[in-house]
Protein chains: 2
Amino acid sequence: MEFQEGKAKFIESWGKMASDWGINRTMAQVHALLLIAPEAMTADQVMEELDISRGNANMNIRALMDWGLVHKQLKSGERKEFFVAEKDMWTVVRQIIINRKKRELEPMIKVLDELASVEPDAPESEHFCEVVQDIRKFSNKANQTLDTLIKADSNWFTNMFLNLVR
Amino acid sequence: MEFQEGKAKFIESWGKMASDWGINRTMAQVHALLLIAPEAMTADQVMEELDISRGNANMNIRALMDWGLVHKQLKSGERKEFFVAEKDMWTVVRQIIINRKKRELEPMIKVLDELASVEPDAPESEHFCEVVQDIRKFSNKANQTLDTLIKADSNWFTNMFLNLVR
DNA sequence: ATTTGTTTTCAATAATTCCTGAAAATTACA
DNA sequence: TGTAATTTTCAGGAATTATTGAAAACAAAT
């Protein structure tokens, strides 16, 4: 396969996968572009390559910085801002875990904790409480595990995979 | 908290979380409703409780059955179809893993395999190939791990959590 | 075979999410 | 301080995704 074709395919697939996971397609495409860029890029270059507007480019680069997946790089003598993607895959995955945990898992756990105050007084509410407790236990375990994962280093993570697969 | 309030909050939150994860909100709300229902429900009851159309209810119940999260239940003497949610949390999580792996991870891996045929002949394509290989390794490891997880039983999974947290 | 109850489909529409582009704000420089 | 380059914001519009509702298909009972 040609490099140019591969590049296009990679950007498209990365975007597709992201949108399956509830993440803005363009944000992921910008991420893909910066991931495979050997050098830091300006917003203008991103606009140009992906054929998107300035506002869109700005918005998504900003979001990627919020996620800790892209960093701003200032070049001396240059007025424009340059952006580089975090290239270490383990760091990338870790940042995604950190963010999704904070944005989605933790709020859900908070709700489940509130729901734990429902009294099981009738058959209906009894079953409700059971389900809530099950999910609650599961979520808390997942949350703890993710905390551990986040603190762990790359090798630790690889080793976990190996242990599981073995 | 009152049971009715808790129920409404659970359904709403489950739907919210799902839509964050790229899953149809209503599908998740139907799932939540069936999860906490002590008895099997008909499509009409689902429509009524969630205040959605027949078409919408049918479509999402069907999708939940595709995911293996809801089962059809026929009652003798009854003409209508009844639906029950899978209540075992480990089975629920496993089914979700199975489906998302097949729908999203595997197609991505297939693309990455194709991209592996790009020749690293210039600085740009060289870096591209490196990134693709990194992601490829990661994805394959994740895929293998998920295969193992899927085969594992509930205790095994719980033990893994405990091991990681310890 | 016909009626009646139930489920499924799908074109039209509604709701949501995303993107644009130009104006405003910010920043660097002379 | 004024000017020019750059970034940010955001209202309006475009694109995508979800929902409705009524007709068609199907299934059970008579």
Side-chain angles (χ1 to χ4, degrees), chain A residues 11-34 40-67 70-84 100 103-104, chain B residues 11-34 40-67 70-84 100 103-104:
Chain A
I11 292 171
E12 183 201 315
S13 304
W14 202 246
K16 170 64 172 57
M17 169 160 240
S19 83
D20 284 343
W21 285 85
I23 287 161
N24 184 290
R25 201 178 105 261
T26 306
M27 171 170 156
Q29 289 183 333
V30 173
H31 185 219
L33 179 65
L34 290 173
M41 295 179 77
T42 62
D44 286 270
Q45 289 175 305
V46 171
M47 290 168 59
E48 167 77 16
E49 288 244 21
L50 297 180
D51 194 24
I52 59 178
S53 71
R54 179 171 303 286
N56 200 7
N58 180 274
M59 210 155 115
N60 286 303
I61 290 172
R62 180 146 290 280
L64 284 163
M65 291 200 293
D66 283 350
W67 280 65
V70 163
H71 308 289
K72 191 181 285 189
Q73 201 174 74
L74 296 176
K75 292 198 179 177
S76 56
E78 290 276 10
R79 181 97 174 255
K80 288 187 177 183
E81 295 173 333
F82 288 75
F83 303 97
V84 244
R100 302 213 73 154
R103 288 164 206 233
E104 290 133 25
Chain B
I11 292 171
E12 183 202 315
S13 303
W14 202 247
K16 169 66 171 58
M17 172 160 236
S19 85
D20 285 343
W21 284 83
I23 288 161
N24 183 292
R25 201 178 104 263
T26 304
M27 170 171 159
Q29 288 183 332
V30 173
H31 185 219
L33 179 64
L34 290 173
M41 295 178 77
T42 65
D44 286 271
Q45 288 175 307
V46 171
M47 289 167 60
E48 166 79 16
E49 288 243 21
L50 297 180
D51 194 25
I52 60 177
S53 72
R54 181 170 303 285
N56 200 7
N58 181 274
M59 209 158 120
N60 285 302
I61 290 172
R62 181 145 287 280
L64 285 163
M65 290 199 295
D66 282 350
W67 279 66
V70 163
H71 309 289
K72 191 183 285 190
Q73 200 173 75
L74 297 175
K75 292 197 179 179
S76 56
E78 292 273 14
R79 183 99 173 251
K80 287 187 176 180
E81 295 173 334
F82 288 75
F83 303 96
V84 245
R100 303 213 73 155
R103 290 164 205 236
E104 291 132 27

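Letters go in sequence order (proteins before strands), and every chain restarts at 1.
A:Asn56 places its CG atom 15 Å from the C1' atom of C:dA22, with the value rounded to the nearest Å. Rounding to whole angstrom units, CG of residue A:Asn60 and C1' of D:dC10 are separated by 15 Å. B:Met27 places its CE atom 16 Å from the P atom of D:dT17, with the value rounded to the nearest Å. Note: CD (B:Glu81) to C1' (D:dA25) measures 14 Å, nearest angstrom. In this structure, CE of A:Met47 is placed 9 Å from P of C:dT20, rounded to the nearest angstrom. The nearest whole Å value for the distance from the CE atom in A:Met65 to the C1' atom in D:dT7 is 10 Å. In this entry the distance linking NZ of B:Lys72 with P of D:dC26 reads 14 Å, nearest Å. Rounded to whole Å, atom P of D:dC26 lies 13 Å from atom CZ of B:Arg62.
OP1 or OP2 of C:dC19 sits under 4.0 Å from a side-chain N or O of A:Asn24. Using a 4.0 Å cut-off, some side-chain N or O of B:Asn58 falls inside it from OP1 or OP2 of C:dT8. Taking side-chain N and O atoms only, A:Thr26 has no distance below 4.0 Å to OP1 or OP2 of C:dC18.
Using a 30° and 60° split on the angle between ring planes, B:Trp14 and B:His31 fall in the tilted class, from 30° to 60°.
In terms of position along DNA chain D, the nucleotide closest to A:Gly55 lies nearer the 5' end than the nucleotide closest to the other residue of the pair A:Gly55 and A:Ser19.
Looking at the side chain of A:Ser53, the nearest of the listed nucleotides D:dT6, C:dT20, D:dT20 is C:dT20. Looking at the side chain of A:Arg54, the nearest of the listed nucleotides D:dT7, D:dT19, C:dT7 is D:dT7.
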TODO: Apply side chain to side chain contact (heavy atoms under 4.5 Å, CB included) to A:Thr42 and A:Glu81, showing your working.
DONE: CA-CA 6 Å; A:Thr42 62; A:Glu81 295 173 333; over 6 Å; no
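Counting non-hydrogen atoms of neighbouring residues, nucleotides and ligands closer than 6.0 angstrom, the CZ atom of A:Arg25 reaches no more than 12 such neighbours.
Taking only distance into account, the side chain of A:Arg79 meets the base of C:dT27 through a donor-acceptor pair shorter than 3.5 Å.
Proximity of a side-chain donor or acceptor of B:Asn58 to a complementary backbone N or O of B:Arg54 within less than 3.5 Å is not detected.
Two residues are said to be in side-chain contact when any heavy atoms from C-beta on lie closer than 4.5 Å; B:Arg103 and A:Asp20 fail this criterion.
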